[in-house]
Amino acid sequence: MAELLNMSGIDKAFAGVSALSGASLQIAPGEVHALIGQNGAGKSTLIKILTGVYRRDGGVVNFNGAETVLTSPREAQATGIATIYQELNLVSLRSVTENVMMGYEPKRFGVLINWKEAHRRTREILSRFGIDIDVRAPLGSYSTAIQQLVAIARAVSLDARLVIMDEPTSSLDASEVEVLFGVVKGLREAGVSVLYVSHFLDELFEICDRVTTMRDGRTVDCRAIAGTTKLELIAAMLGRDTDEIAEAGMTEFNAGMSGAEKGDVLLEAQGVSTGPRLNGFDMTLRKGEIIGLGGLLGAGRTEAARAIFGVDRLLSGKVEIKGQPGALETPAAAIAAGFGYLTEDRKAEGIIPDMSVRENLTLALLPKLTKSGQIDRARERELVDHYIKALGIKTANMEQPIRELSGGNQQKVLLARWLAIDPDVLILDEPTRGVDVGAKREIQGIIRDAVARGVGVVLISSEFEEIVEGADRIIVLNEGRIVTELTNPGITEDALVRALAHTEGQAA
Amino acid sequence: MLDTDTFDLRKYLSRNPQSVAVWVTLAALILFGLLRYDNFGGAYNITSFLNYNSMFIIISVGMCFVIMTGGIDLSVGSVAAFTSVIAAYLSPYGIEVALPGAVLAGIGFGAINAVSVVVLRIPPFIATLATMLGAKGGALVISGAQTISVDWGSNFTKMGMEKALNVLPWSIVVVGVVVIVLWVVLEKTSLGRTVLAIGGGEDASTLMGLKVHRATAFVYLLSGGCAGLAGVILASGFGAGQPLEGIGWELSAIASVVVGGTLLTGGLGSVTATVAGALLLGLVFNILNFENGRGTISFSAYWQMVIRGGFLFAVILFQARVMAGREQRKEAT
Amino acid sequence: MTTQDTELKAQQSATFAWGPFLRKNGGLVALAVILVFNIIVTPNFLQMQTLFVNISQVATIAIVAMGMTLVIATGGIDLSVGAIMALAGALAPLIFLSEFGQANPALGIAAAIAVPIVAALACGLFNGILVANLKVQPIIATLILFISGRGIAQVLTNGNLQTFSNPSFSYLGTGKVLGLPFQGWLALLIACVLYLVMTRTTFGRYVLAIGGNERAAELSGGPVKRVKIGVYMICGALSGLAGLIVVAINSASDAARNGNLMELDAIAAAVVGGALLQGGRAPIFGAILGAVIIQLVKYTLLANGVEDEVALIAKAIIILAAVYVQQARKE
């Protein structure tokens, strides 16, 4: 069968860092094709090249039998490729109709928008999805699930040959997912191809024909979904087989095997809720212990971290610190109580790019470095010097702007920011994301040493081996709720995957 | 199935609380004026009020488009001063030359803003600030810092001084037509919807395949053109090009736009509510004049600015509350 | 300055990297160029009188520009500086010309300086609360006082020009220390204090952190709201002080003209001095340099018979060029 889409040898680099190297993707007409891979595997980049958001550095894209170079989303839409992005790319202040029809409004006399017709068509399109809403209302007044379906409706209404869905079910409930699947099957019957990107592997078995796996910017596997298993897909995503992992550790961690007696309770959370993304979260963290938070994207791991650190307001539940009641209202209060929070998004919430390594490193420590408003600069230098050496931060000198450092070294500076406050509790959200293998092990070593000194760590990581080998206990979350708890020693990647798979089964 | 084909006034009102508030306040003020002052509803007051405020209406509407994209245009006052001088120089050739000439000059400044913002990626605030200074300097240079008298022999002064069919001043008729056209552009064309979409989310608009650059350039050209038209009315109404006028007009225009409920971050806005906002701010001044005329209390003219600022403050508090309410509702769902 | 910048960048010599040098020191190079030009072209440029005039003019711009620099460093902007100048300037004569002020000259002068500054601080507090607590965009938040602040000043004085003869108050604007204007020294003193604040104190560090990445600053425990309110209050107080100086120079307070268009000069000076509009940088001495450049350009054009109005166009070009170079540097 002739392929509808054939991408091969696609290369793309950002500022010299390779995001894709020789990636490829083939989709047949009327096929539902899954694209899977871990965070950072290059799925989003590949999609954005296909939809004209990015330009490729090399490679060939054949669509519908002709070689194509797409330079803008508009061109891609005109060519017959419609996309529903993971972050909802809609204008929530505008009406539902506008969001569905924008750029393709029915016109009178060729210029004036025929709103009546536009509203009518919008309702008609939405009714195919079983949605019956006031289309004049601002999109933002509806739930995320409705917004998601509106985005899908827009894409489908554009008479596309290929519809790309990036994590379309991440905010849908079970019945809405059924509606979506119905739409996808309808598209397939109409001869439209669907590229389906999802972390929820169970879904793929239900609606997809073939699956392409990406890892580290390359396409590593493409197979028919019939006759394959979920474990095989996960192994392909992670790039290893499970036996190998059991034999030798993948990380610097050896927690759960130290067997050391855990200390006093540092933190106790009971029934903490901050919204739909975190509901009834319980946790007890002791001195010298690592608790891993397991779960897929959007399971509520980051929300749990934010709740503990006083970023998000608690709607219910309570937090006790060293046996003292009282939730932390602000990050400043949390820091004063001995908490540190390494955020998931280093760029947006971590580094202050134009500030020096020194200033970035001591930011959280400032209140303790200050006497009557004045910073003790000698002590500041001494401390920074100590941490640069202790953590092996590679920087020209402590005055170098942090933006000039590599990702791994930036991350070490941020870790040092929190180690410097001499914390009791460290919340680490994806501490090794986007850093190279060497820095990864170094960072793991730093965490291990901190724990050995009695720090309690809450560890969130999409690198399964990190929490499998690092955590004393893993709390597995799904849709904002705790589903199970695993205890080391004895946790294997397999067991964690099974726990996740189990929750997925429930979700779908 | 819900019947949403028909326009539902009640829903519209509940969705646009601020538009409603502006129109109600405006009506209340007019009623207050009519009841309290004898000549308030007189032909003279209405004519002079509309004549003077037509300038502010048109630049406010131009500003409204810019703000809906999330931008700002600080150059409108200076551009109006510049184009009033151009109009005065062109007045011997009649309004049919002077009007398009001055509007084109305004669009020229708009083009500078558009290039700075769209091509050079300079923040709108700074780009239009520079144009503001440039236009102001330019106006003083071409006029020799003097007011430039118009040619009273031509039909130029008709625009600002005479009435169409003896009913409405020409200025407000022209402005009215332009405002209606712009209302249609905003409400009924893809261009208008794109302007709103950009303010609601520039990235999202690009990914939807909208012509973002074109629409952004358009709003600055439009705002420049509107300022040009205001310049023509200025020259025509006062019988002279006024290089020193226009100071603070941009801020009055922004105030009108904000009072009219347009979100400063863009994405929401209305031509009609902006017109109401401009009228409302103008009316406050008008009523103060009448109040002083009665001699019961003596408000100096300086109160005008204080009250305008107070209005703006009230509106901002209102907007902040509405936005906070929205956030909370979102959290709750 | 920047046309040369780009020209020279094009013909970068192999031995010395002119481009980066100019981009980093563009302000200083521009200053040097203007000075050399004046020494050659402008008659009587190298005289004490010229220096004196320029310093007394530049001090007010510089003082306000330093406040503006702090606000811009947090990613904000303050349009109300000119209006605050007018307000403070209107209050002072009202106080020392009052019966109380006449009866107690010393107390009167003290109050005539303290009360306007407190009023200016209150204006800054108002701006700060709107920006920090109500999350209003800075342009709009400060627009309120921009519009009504001058109105309040005019209401207080009934729009009258208040003239006075009060040597001790006028010292603020006409006094000499070591042969140079008092306000010049004052500006320098303020610059030194603010420089120390920005480099040595937690407050200064937080100002830059907020402008550099507000989320990160907050998550690292920075008191974001308090710091933001603080910078608007500092900017307000400095504007109030500048308003007093202008009144002292003229021995008259004109609420309609005091500080008119000062927000533009101050923003221009801050930007030319190297402040980034998106925040994160607070070059205090840069603000002074920017103020000096703007004043000198004005002076150069005036002294050489070019009309005042052309100076506006020159200012426009300077601002655009400075921001464009910033943008280019960022990318």
Side-chain angles (χ1 to χ4, degrees), chain A residues 15 305-306 309-312 328 330-356 358-378 380 401-403 410 413-414 417-418 420-421 423 427 429, chain C residues 20 23-24 69-70 72-75 132-133 192-231 233-234 274-283 286 326-331:
Chain A
R306 292 169 60 91
F309 198 64
V311 185
D312 293 338
L328 302 159
T330 62
I335 292 166
F339 282 51
Y341 175 31
L342 186 72
T343 53
E344 167 187 32
D345 192 335
R346 185 165 65 229
K347 273 216 179 75
E349 300 187 325
I351 62 167
I352 295 174
D354 285 332
M355 281 188 146
S356 66
R358 169 177 57 85
E359 290 164 316
N360 267 288
L361 202 154
T362 54
L363 194 61
L365 188 66
L366 279 183
K368 288 190 197 164
L369 267 182
T370 306
K371 257 194 206 130
S372 56
Q374 204 172 332
I375 299 169
D376 183 345
R377 300 209 298 172
E380 182 184 21
I402 195 168
R403 67 181 139 78
Q410 289 182 358
V413 174
L414 294 184
R417 176 189 286 174
W418 296 116
I421 66 167
I427 306 162
D429 197 348
Chain C
R23 229 169 288 147
K24 218 172 167 195
T69 297
L70 292 195
I72 291 178
T74 63
N133 292 53
C192 292
V193 170
L194 286 182
Y195 179 78
L196 289 179
V197 166
M198 290 312 294
T199 52
R200 301 282 170 96
T201 69
T202 338
F203 176 82
R205 191 72 66 81
Y206 282 136
V207 166
L208 296 175
I210 289 169
N213 185 342
E214 187 171 331
R215 291 286 305 143
E218 192 171 7
L219 288 170
S220 300
V224 172
K225 285 181 187 170
R226 282 213 313 271
V227 171
K228 276 190 176 176
I229 292 175
V231 292
M233 288 180 74
I234 293 175
L276 274 180
L277 282 171
Q278 57 267 39
R281 220 190 287 157
Q326 279 187 0
Q327 294 292 104
R329 186 168 14 186
K330 212 175 56 186
E331 283 154 17

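We name chains A, B, ... by the order of the sequence lines, and we start the count at 1 in each one.
When all heavy atoms of A:I352 and C:A209 are compared, the pair lying nearest together is CD1-CB, 3.4 Å. Scanning both residues, A:G350 and C:A216, for their nearest heavy atoms gives O-CB, 3.2 Å. The two residues C:G212 and A:P353 have their closest heavy-atom pair at O-CD, 3.9 Å. In plain terms, the two heavy atoms of A:W418 and C:S220 that are nearest each other are CH2-CA, 3.9 Å. Closest approach of C:Y206 to A:L363, counting heavy atoms only: OH-O, 4.0 Å. Smallest separation of non-hydrogen atoms from C:L219 and A:I335: O-CD1, 3.8 Å.
Between chain C and the residues A:Q374, A:K347, A:E359, the most heavy-atom pairs under 4.5 angstrom are made by A:E359. By number of non-hydrogen pairs under 4.5 angstrom with chain C, the leading residue of A:R377, A:R306, A:K371 is A:R377. Residue with the most contacts toward chain C among A:S372, A:P331, A:P367: A:P331 (heavy-atom pairs, distance under 4.5 Å). Options C:G221, C:G280, C:G222 differ in how many heavy-atom pairs under 4.5 Å they form with chain A, and the most are formed by C:G221.
A donor-acceptor pair is defined here as one N or O able to donate and one able to accept, closer than 3.5 Å; no such pair exists between the side chain of C:N213 and the backbone of A:D354.
Tested against C:R215 for a side-chain contact (heavy atoms from CB on, under 4.5 Å), the candidates A:V311, A:D345, A:T343 yield a single pass: A:V311.
Looking at A:L369, there are no atoms closer than 4.5 Å to chain C (heavy atoms on both sides), in backbone or side chain.
Looking at heavy atoms from C-beta onward, C:R205 lies in side-chain contact with A:T362 at the 4.5 angstrom threshold.
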